[in-house]
Number of protein chains: 2
Amino acid sequence: MDTYLKHLPECEAPGVCRACEARHGGLCSVLTANQLTELNRHSIRRRIDAGNEVIGQGETVGSYSNILKGVIKLSKMMADGRQQIVGLQFAPDFLGRPFLGESTITAEAATDTEICTFPRNVVDRMVSEVPDMERKLHNQSLKELDEAREWMLTLGRKTAQEKVANFLYLIATHIDPDRGNAQTFDLPLSRADIADFLGLTIETVSRQMTKLRKDGVIVIENNRHVIVPKLERLRDAAGID
Amino acid sequence: MDTYLKHLPECEAPGVCRACEARHGGLCSVLTANQLTELNRHSIRRRIDAGNEVIGQGETVGSYSNILKGVIKLSKMMADGRQQIVGLQFAPDFLGRPFLGESTITAEAATDTEICTFPRNVVDRMVSEVPDMERKLHNQSLKELDEAREWMLTLGRKTAQEKVANFLYLIATHIDPDRGNAQTFDLPLSRADIADFLGLTIETVSRQMTKLRKDGVIVIENNRHVIVPKLERLRDAAGID
DNA sequence: CGAGAAATTGAGTCCAATCAACCTCCGTGG
DNA sequence: CCACGGAGGTTGATTGGACTCAATTTCTCG
């Protein structure tokens, strides 16, 4: 962020940002209107269809993105094809790390997605001038760390039944964080993805879903569309304290 | 960190710090001698015997610590007693998050341990004045996140054999990061802890250790003492790409 | 409406859990 | 000094939950 900007009178946020879903939750929420204007000058909005990788092919390798809409899955794959999803990101999270060299993580759109991408060097420059920005990034890392560890407990110590219930509970509480009890939503992941998230096979996921349905914990409509009559019961089935 | 310190001529690091194992790797590595003096004024060195919790009981609830010696295990427990170890920390890592309200993580000394503890408020004050410190903390968080995700792949998709080999490989490469090939070390964890780390039972861990021994991948001496003739073979057994 | 993908269901197998016995290492006290 | 006792670890026999393989069924979408 150019230093002289600090001395300009505060102006309006760019129009495109004012209407932005992530203006208040995402990375941008720590920025002043002036800073936003500067950042916006370098940002690119992109649509990504379900199933496509988010990693810019060859182009600006290093970049940060705000997720405006949709769900991104982060996964790791072994040489023999075994795969594990290690995180899900919902709007208005931002995608920061995966692109940076080192990490062997793949980021892929689970649903149709919209993101707002900034070149890494611009963000890095702003980070060094706006301490709140580093703080914001740090907090997201800590949140992801907590989620990862929570999931380790699920992967290591829960039964297939509990795993599936846990997944449904996770989605129910993230997709549309509204009213407390009755929930209805579309699953952002296919059975294959769910299996890769839970460390199970497709068949086992399917069987456990059926069991939860027969037990009256959930109602299944279109394979993708799920209704949770009582969130409390799902929570219990998930073995969450 | 008191502002006036910035104007004093640079002085020597406190004696106790100069001899400190974590002076160059831990949180303190980003501090100048003056800052170190300030921090040191509030620090407490503690020994913690294996099996004891690190969380100060009631006392200074919020605190950061440098690990000077030993291994700390971070774990989560379910209401019915099922347990999962979600991270191991070695010197000179620092223990930062676990204590902070929210998180339901327990930190416990796996081996006899020495730590250097600072009250949270002092550290927080320094963080706001020394940007490098936030950066350092952020980087550790990112490191832990990478490790957690790596372990999720192990928990979700690897066989018991691969899990145990993975654990041994992890220890071999962290306990004493020296020469590349032949390794010899003491396991910092009991079989029960290893099981809780790998999402297995004690018996399965034991059987897989025996199998690795019979296959000549490792040599076992005192239950705790292990020799790895060829790190490469262990790596292969662990299914690491 | 039809074809292919995604999901469900079923039968049989196998890997890791469970239950149980035994061994080994230590420290302690008779 | 050795017997005892207990914790930690190993080994064996059996069980069971999730995987594999295979056949349908249900969705999706051109």
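Chain identifiers are assigned alphabetically (A, B, ...) following the order of the sequence lines, protein sequences preceding nucleic acid strands; residue numbering begins at 1 within each chain.
- For A/Arg224 and C/dT8, the CZ to P distance is 11 Å, given to the nearest whole Å.
- Across the protein-nucleic acid pair, B/Met209 atom CE and C/dA16 atom P stand 16 Å apart, rounded to whole Å.
- Nearest to the side-chain atoms of A/Asn223 among the listed nucleotides D/dT28, D/dG9, C/dT8 stands C/dT8.
- Between the P atom of C/dA17 and the CD atom of B/Gln161 lies a distance of 13 Å, rounded to the nearest Å.
- For C/dA16, neither phosphate oxygen OP1 nor OP2 lies less than 4.0 angstrom from any side-chain nitrogen or oxygen of B/Thr201.
- For A/Ala160, counting side-chain heavy atoms from C-beta on, the closest listed nucleotide (C/dA7, D/dA18, D/dT11) is D/dA18.
- Between B/Ile105 and A/Arg149, the closest side-chain pair of non-hydrogen atoms falls below 4.5 Å.
- Under 3.5 Å, the side chain of A/Glu203 and the base of D/dC21 form at least one donor-acceptor pair of N or O atoms.
- Considering only side-chain atoms of B/Arg191, the nucleotide from C/dA7, D/dG9, C/dA17 that sits closest is D/dG9.
- Here the C1' atom of nucleotide D/dG9 and the CG atom of B/Leu189 are 15 Å apart, to the nearest Å.
- OP1 or OP2 of C/dT8 has not a single side-chain nitrogen or oxygen of A/Thr210 nearer than 4.0 Å.
- One can find a donor-acceptor pair under 3.5 Å joining the base of C/dG10 and the side-chain atoms of A/Arg207.
- For the pair B/Leu200 CG and D/dG9 P, the computed distance is 15 Å after rounding to whole Å.
- Smallest separation of non-hydrogen atoms from A/Thr154 and A/Asn166: OG1-OD1, 3.6 Å.
- Put simply, the side chain of B/Tyr169 does not reach to within 4.5 Å of the side chain of B/Val228, judged on heavy atoms.
- Below 30°, between 30° and 60°, or above 60°: for A/Trp151 and A/Phe197 the angle between ring planes is below 30°, a parallel geometry.
- As a whole-Å value, the separation of B/Ile202 CD1 from C/dT24 C1' is 16 Å.
- The heavy-atom pair separating A/Thr104 from A/Lys76 by the smallest distance is OG1-NZ, 3.0 Å.
- A/Gln208 has its CD atom 13 Å from the C1' atom of D/dC19, to the nearest Å.
- Two residues, B/Val205 and A/Thr204, neighbour DNA chain C, and the one matched to the more 5' nucleotide by heavy-atom proximity is A/Thr204.
- In this structure, CG of A/Asn222 is placed 14 Å from P of D/dT26, rounded to the nearest angstrom.
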